[in-house]
Amino acid sequence: MPGLLNLPPFPEDVPTHPLLVVDYELILKRDQAEIDKLWKAATELGFWYLKNHGVEDDAAQMFEMGAETMKLPLDEKMKYEQGDDGMSFGYKAAGANATDETGALDTVEFINVAKDDALAWPGKVHREYPSAVNARIESTIKPFVQKSLGVNNTLLAVLGERLGLPEGTLEKLHLLDEPSGSEARCIKNPPRPGGISEEKAAIGAHTDFGSLSFLHNRLGGLQVMVPGTTDWQYVKPIPGHAICNLGDAMSIFSGGILRSNLHRVVPPPKEQGYFERWSLVFFTRPGYSVFLRPLSEESPIIAEAVTNAPAGKYDTGTTAKDWFARRIKNQRIKNRTGPETWRASRGTEHQPSAY
């Protein structure tokens with residue numbers, strides 16, 4: 001990964017929130033104790049470490065692809081900018097998104113490659129990409145997407161079983177051949193050795209749009225707001241461990257049993273802040289046509305959870321495609337008319353005051 005050599009360790013005197021460590025090899029064997037641990041993480045915070053996932057080498061190649069892409073001239077990258085109409089795929093320049101309702105600008109640039117485009121290559125489903133991306137689709141991006149889908153789909157299947165859903169229910173909501181918002185994202189954040197104020201995040205407080213996120217990073221910066229608190233706490237990167245978290249769709253499908261938790265990205269703490277921060281995520285999201293609603297008819301466990309929740313809390317009345325586009329579009333600074341634009345980009349956040 002860019003800048004991997006000689007990175008300073010995460011400081012020991014910075015408060016962090018410990019995550020449960022889930023062993024993917026044991027999940028594959030359907031080890032009950034490990035499944036119990038995954039369930040605990042998914043229902044209490046919605047974040048966990050994942051080890052033995054087998055995607056480390058592919059992630060390293062993806063970081064190289066990201067560095068090659070970011071080195072392109074800005075005017076070249078801007079030819080593939082994601083735009084202001086609610087599409088996520090493509091390049092996003094720093095400062096294109098708001099991070100809060102005041103209109104404060106983000107500091108990250110990234111490249112998003114759609115799952116559909118990677119798997120259809122050399123065909124096209126959604127859009128064209130910069131030359132540095134095209135050169136890596138067959139050798140780097142497609143294998144990373146395929147392996148990430150395998151990991152995420154396995155975790156979702158295990159969670160679906162614990163939710164009492166019939167086998168294959170969640171798989172049908174994430175069909176490989178249906179267009180979706182699923183994508184690989186490589187993110188670059190510039191060095192910020194002076195740190196950042198609590199009000200100015202690199203990526204503002206949010207819940208993820210989709211079902212499951214599979215994150216790889218080497219420097220600190222990710223923070224979570226633990227339920228029942230108003231404090232941000234760092235999540236410490238651990239070598240060889242990815243970080244997984246659930247998104248809005250799984251919270252809605254499960255009637256709130258599974259947690260889509262508020263998080264943000266700030267510059268790495270202390271000595272780590274002198275280095276570029278690179279991160280890589282694969283987002284699994286439902287097919288565009290899927291309605292975001294609790295799966296009450298498929299599971300008595302979910303039906304009971306919905307009965308105990310405020311009436312209509314999880315009835316979005318929208319498809320995954322429209323939910324996704326709304327959130328993307330209303331983050332874009334060019335679409336901003338006032339604080340209401342930012343609020344219109346929100347998902348299932350448990351702390352509206354953290355807008």
Side-chain angles (χ1 to χ4, degrees), residues 2 58-59 61-72 74 76-99 106-121 124-137 140-149 152 179-189 202-204 206 208-217 245 247-249 265 277-288 320-321 323-335 345 347:
D58 301 270
Q61 293 295 309
M62 285 292 290
F63 280 120
E64 291 184 7
M65 179 281 298
E68 292 159 4
T69 302
M70 297 310 169
K71 286 178 182 176
L72 295 172
L74 181 60
E76 178 66 16
K77 291 183 287 190
M78 289 300 289
K79 295 176 184 177
Y80 305 94
E81 224 278 337
Q82 59 186 198
D84 300 307
D85 297 326
M87 175 186 280
S88 178
F89 315 126
Y91 173 72
K92 190 204 74 69
N97 286 355
T99 62
D106 72 339
T107 62
V108 301
E109 61 175 329
F110 54 67
I111 183 71
N112 288 341
V113 182
K115 170 265 292 182
D116 303 317
D117 287 327
L119 298 185
W121 180 262
K124 181 182 75 172
V125 177
H126 299 286
R127 67 162 307 143
E128 305 284 351
Y129 296 90
S131 57
V133 173
N134 294 338
R136 287 273 197 163
I137 289 183
T140 300
I141 301 172
K142 185 175 181 179
F144 173 75
V145 167
Q146 291 172 322
K147 291 182 181 179
S148 298
L149 283 167
N152 283 5
S180 75
S182 297
E183 62 188 354
R185 173 180 299 173
C186 193
I187 309 168
K188 175 187 174 183
N189 198 31
I203 300 176
H206 65 285
D208 282 353
F209 305 164
S211 298
L212 184 57
S213 305
F214 184 37
L215 168 69
H216 310 262
N217 60 18
N245 69 280
D248 293 343
V265 177
R277 182 182 188 273
W278 289 82
S279 54
L280 170 69
V281 197
F282 184 78
F283 299 100
T284 291
R285 295 166 175 145
Y288 275 162
K321 180 179 182 179
W323 178 274
F324 184 45
R326 169 185 64 81
R327 297 202 60 186
I328 293 289
K329 185 174 183 179
N330 287 296
Q331 288 183 147
R332 298 284 295 187
I333 198 65
K334 287 186 178 179
N335 293 329
S345 75

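- The side-chain heavy atoms of Asn217 and Leu280, taken from C-beta on, include no pair separated by under 4.5 Å.
- Heavy-atom neighbours of Lys142 NZ from other residues, nucleotides or ligands within 6.0 Å: above the threshold of 12.
- Taking 4.5 Å as the limit, every side-chain heavy atom of Pro130 sits out of range of all side-chain heavy atoms of Glu76.
- Contact annotation: the side chain of Val113 approaches that of Val133 to within less than 4.5 Å [non-hydrogen atoms, C-beta and beyond].
- Atom CG of residue Leu149 and atom CG of residue Asn152 lie 7.0 Å apart, to the nearest 0.5 angstrom.
- Between Ile328 and Met87 the shortest side-chain heavy-atom distance does not fall below 4.5 Å.
- Salt bridge Lys79/Glu81: absent, no basic N to carboxylate O contact under 4.0 Å.
- At distances below 3.5 Å, at least one donor-acceptor pair connects side-chain atoms of Arg285 with backbone N or O atoms of Gly181.
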Derivation of the side chain to side chain contact (heavy atoms under 4.5 Å, CB included) call for Thr69 and Cys186: CA-CA 10 Å; Thr69 302; Cys186 193; over 6 Å; no
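- The shortest distance between side-chain heavy atoms of Pro286 and Ser211 falls below 4.5 Å.
- Between Phe282 and Phe214, the ring centre distance reaches or exceeds 6.0 Å.
- Summarising the geometry of Ala118 relative to Ile141, their closest heavy-atom pair is CB-CG2, 4.1 Å, with the distance given to 0.1 Å.
- For the pair Phe144 and His216, the minimum side-chain heavy-atom distance is below 4.5 Å.
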Derivation of the ring-ring contact (aromatic ring centres under 6.0 Å, His included) call for Tyr91 and Tyr80: CA-CA 6 Å; Tyr91 173 72; Tyr80 305 94; 9.2 Å; no
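- Using cut-offs of 30° and 60° on the angle between ring planes, the pair His126 and Tyr288 is perpendicular.
- From Asp84, atom CG reaches atom CG of Asn335 across 5.0 Å, with rounding to the nearest 0.5 Å.
- Ser213 approaches Val281 most closely through the heavy-atom pair CB-CG1, 4.0 Å.
- When every heavy atom of Ser345 is checked against every heavy atom of Asn330, the shortest pair comes out as CB-CB, 3.6 Å.
- Asp58 contributes atom CG, which lies 10.0 Å from atom CD of Gln146 (distance to the nearest 0.5 angstrom).
- A salt bridge links Asp106 to Lys92: at least one charged side-chain nitrogen sits closer than 4.0 Å to a carboxylate oxygen.
- Counting only heavy atoms from C-beta outward, the side chains of Gln61 and Met65 never approach each other to under 4.5 Å.
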Pair Asp208-Phe283, side chain to side chain contact (heavy atoms under 4.5 Å, CB included): steps then yes or no: CA-CA 9 Å; Asp208 282 353; Phe283 299 100; 3.9 Å; yes
Stepwise side chain to side chain contact (heavy atoms under 4.5 Å, CB included) test for Glu183 and Lys115: CA-CA 5 Å; Glu183 62 188 354; Lys115 170 265 292 182; 6.0 Å; no
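- When all heavy atoms are compared, the tightest approach of Ala184 to Val145 is CB-CG2, 4.3 Å.
- Salt bridge present: Arg327 and Asp248 bring a charged side-chain N and a carboxylate O closer than 4.0 Å.
- Under the 4.5 Å side-chain criterion, counting only non-hydrogen atoms from C-beta, Trp278 is in contact with Met70.
- Looking at every heavy atom in both residues, Phe209 comes nearest to Trp323 through O-NE1, 3.7 Å.
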Intermediate values then yes/no, side chain to side chain contact (heavy atoms under 4.5 Å, CB included), Gln82 and Asn112: CA-CA 9 Å; Gln82 59 186 198; Asn112 288 341; 3.8 Å; yes
